[in-house]
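Here is how names work: the chains are called A, B, and so on, in the same order as the sequence lines, proteins then strands, and each is numbered from 1.
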Amino acid sequence: MVPDMSTHAAHARLDELYRKYGPVVLRRVRRFYRDPEEAREVLQEVFMRVADKLDTFQGQSSPSTWLYQVATRHCINRLRDDARRRELLDQHGLSLDWGNPVTPAGQEHHAVLSALWRSANPDLMEIGIYYHLDGMTHDEIARVVGCSRRTVGNRLLELQTLARGGES
Amino acid sequence: MTDLRSELFRRDGHLLDLALDRLLTDELRPDQVALIEAHTAACPPCAELVAQARGEVELPAMVWPEAKLAEVIPLRPSTRPQRSSLAEGAPAEVTPANRAPRWWVAGGGVLLVAAALLLVGRTGEPEWQVRGGGEGVGIEVYRQGGVSAERLFEGATVHPNDTLGFRAQATTSGHLLVLGVDSQGSVYPCHPASGASEPFTAGADVKALSSAVTLDGTLGEERIIALLCAEPLSLLDVGASLAGVRPGSPPVRPGCTQDVVTLRKVNP
């Protein structure tokens with residue numbers, strides 16, 4: 001919802017965003033959802049989130065960076081929700097099925113994130129994905145998330161602790 | 001200031017997904033573009049990644065819920081007479097004069113309508129009361145079509161692959177969670193898609209919710225349940241307690257109010 005904009009202005013701006021950034025958001029979504037149909041469905045959900053949050057985007061980062069984060073968070077929440085639904089129905093959890101980047105994520109990294117999927121909070125998972133799967137540096141994660149390098153380091157330590165069976 | 005390379009390249013030296021996005025959307029400076037071009041000239045996998053990403057992508061047509069709904073659905077409850085087969089009894093008419101959502105008319109009756117109108121006149125209290133005249137939440141369900149959206153009332157028929165959208169209204173602020181329950185008892189999130197509640201502000205406007213769901217092939221009764229609670233909640237918290245929830249049922253948990261729309265899913 002875009003309460004501060006007229007319907008037509010909001011519609012036009014959203015259309016423009018979708019045309020320009022839809023392909024890169026779809027590429028991001030396909031890292032999480034390999035099935036083309038499901039990825040297209042998730043793409044639409046992401047842009048519905050964008051419609052909700054558009055008035056909160058203040059230009060602190062580039063539109064691509066902002067959309068990258070919105071898409072990542074949405075996929076994390078959706079996957080966690082899928083896992084919850086399956087958990088309710090048949091007690092199965094989630095296996096993170098990550099699309100292949102140039103360099104595939106290490107099996108160890110992949111396994112850590114898959115194991116932590118249900119226990120770590122979404123903020124922690126987001127940083128874990130940027131680090132372990134996207135291969136970002138602490139600097140870049142701090143820039144995308146909008147926090148300090150120290151926070152990124154602390155969050156990654158929390159993830160390691162969780163992976164060793166400790167409490168976050 | 002972040003290191004130039006860390007904005008563009010992974011720790012293993014290859015191009016970051018995000019840098020590729022920014023390259024494709026012309027957000028990089030010339031020196032950054034030059035650095036990527038130098039890298040891809042020497043890195044066939046990254047060159048292939050860039051080439052693939054530059055290929056044409058066919059985007060699905062996008063329907064913006066707020067804009068689309070605003071085109072076809074009044075922001076205030078409809079002023080047209082509508083027939084609704086409510087669970088509490090015989091189908092009820094919402095007259096043009098009432099300007100009321102169905103859950104308001106459902107439990108209150110004529111006396112409550114009159115009382116509410118008197119209150120509006122005397123104290124400025126909102127006219128948008130909910131079922132039974134108390135505080136709470138109301139949910140509206142819409143079937144999204146190609147160019148329009150159709151309001152679905154209690155008992156309406158839906159089909160597999162129908163896409164449903166939602167609008168909600170509340171007399172008190174709280175945490176809103178809209179869930180669906182199919183005939184097999186499977187619970188799924190309608191809004192938010194995450195299955196975790198989100199803050200919802202009370203107001204006279206019926207607000208369009210940003211989520212939509214596409215129905216699967218499980219036929220039979222499909223219930224859409226809106227919960228407005230004082231505390232945040234998630235599907236996990238209440239999923240198991242929704243089995244017997246029907247229009248008019250007591251709240252599934254203390255501190256919550258709820259509204260239910262029951263649909264019937266059949267093959268076309």
Side-chain angles (χ1 to χ4, degrees), chain A residues 1-3 7-8 10-12 14-15 18-28 31 40-41 43-45 47-49 51-53 62-65 67-69 73-74 76-78 80-82 84-85 87-89 101-103 122 130-131 134-140 142-144 149, chain B residues 2-3 5-22 24-25 27-28 43 45-46 48-49 52-53 55-68 70-71 184-189 192-196 207-212 214 234-236 239-240:
Chain A
M1 288 172 282
V2 276
T7 296
H8 290 300
H11 201 155
L14 287 169
D15 272 345
Y18 184 65
R19 275 197 305 274
K20 181 168 183 180
Y21 297 98
V24 296
V25 172
L26 180 60
R27 215 166 56 80
R28 180 61 179 167
R31 286 275 187 243
R40 288 156 68 94
E41 184 182 316
L43 169 72
Q44 300 212 345
E45 293 171 6
F47 272 90
M48 288 184 188
R49 293 286 299 154
D52 265 351
K53 297 162 73 81
S62 71
S64 287
T65 304
L67 290 166
Y68 191 86
Q69 191 181 21
R73 286 182 172 175
H74 181 77
I76 289 172
N77 284 328
R78 195 179 196 274
R80 286 168 64 92
D81 183 60
D82 289 346
R84 283 174 181 158
R85 286 185 60 188
E87 194 173 35
L88 280 175
L89 295 174
V102 172
T103 305
Y130 293 150
Y131 184 81
D134 285 323
M136 288 182 181
T137 62
H138 288 206
D139 276 335
E140 182 62 358
R143 194 180 70 80
V144 170
R149 284 187 77 249
Chain B
T2 56
D3 172 57
R5 286 197 65 83
S6 97
E7 274 191 50
L8 304 178
F9 299 105
R10 296 167 53 95
R11 296 193 309 282
D12 58 19
H14 291 291
L15 188 60
L16 277 172
D17 276 356
L18 178 54
L20 177 53
D21 288 355
R22 297 178 65 205
L24 296 173
T25 52
E27 290 180 0
L28 295 179
C43 179
C46 284
E48 188 183 340
L49 189 72
Q52 279 179 356
E56 277 198 22
V57 177
E58 189 183 338
L59 291 175
M62 188 73 203
V63 177
W64 304 108
E66 177 68 12
K68 180 57 68 182
E71 286 173 12
Q184 302 301 308
S186 297
V187 182
Y188 56 90
S194 66
K207 297 169 185 163
L209 306 181
S210 59
S211 306
T214 300
S234 74
L235 182 152
L236 270 185

(message) Can you tell me which portion of B/Leu16 sits under 4.5 Å from chain A's heavy atoms? Options are side chain, backbone, both or neither.
(response) side chain
(message) Donor-acceptor check, side chain of B/Arg11 to backbone of A/Tyr131, threshold 3.5 angstrom: yes or no?
(response) yes
(request) Let me know which of A/Arg78, A/Arg73, A/Arg40 forms a salt bridge (charged side-chain N to carboxylate O under 4.0 Å, His left out) with A/Glu45. (result) A/Arg78
(message) Shorter than 4.5 Å, heavy atoms on both sides: which option in B/Arg22, B/Arg5, B/Gln184, B/Glu48 has the most such pairs with chain A?
(response) B/Arg22
(request) Taking side-chain hydrogen bond (donor to acceptor under 3.5 Å, both in side chains) as the test, write out the residues that go with A/Arg149, two or more places apart. (result) A/Asp139
(message) As an exercise, state the distance from CD of A/Glu140 to CZ of A/Arg143, rounded to the nearest 0.5 Å.
(response) 4.0 Å
(message) Between A/Val25 and chain B, with a heavy-atom cut-off of 4.5 Å, which part of the residue counts as in contact: side chain, backbone, both or neither?
(response) neither
(request) Pick one of side chain, backbone, both or neither for A/Leu43, based on which atoms fall under 4.5 Å of a heavy atom in chain B. (result) side chain
(message) Given heavy-atom pairs under 4.5 angstrom as the criterion, report whether the side chain, backbone, both or neither of A/His74 touches chain B.
(response) side chain
(message) Taking side-chain contact (heavy atoms from CB on, under 4.5 Å) as the definition, give me every residue that meets it alongside A/Arg27, ordered by chain and number, with sequence neighbours left out.
(response) B/Asp17, B/Leu20, B/Asp21, B/Leu24, B/Ala53
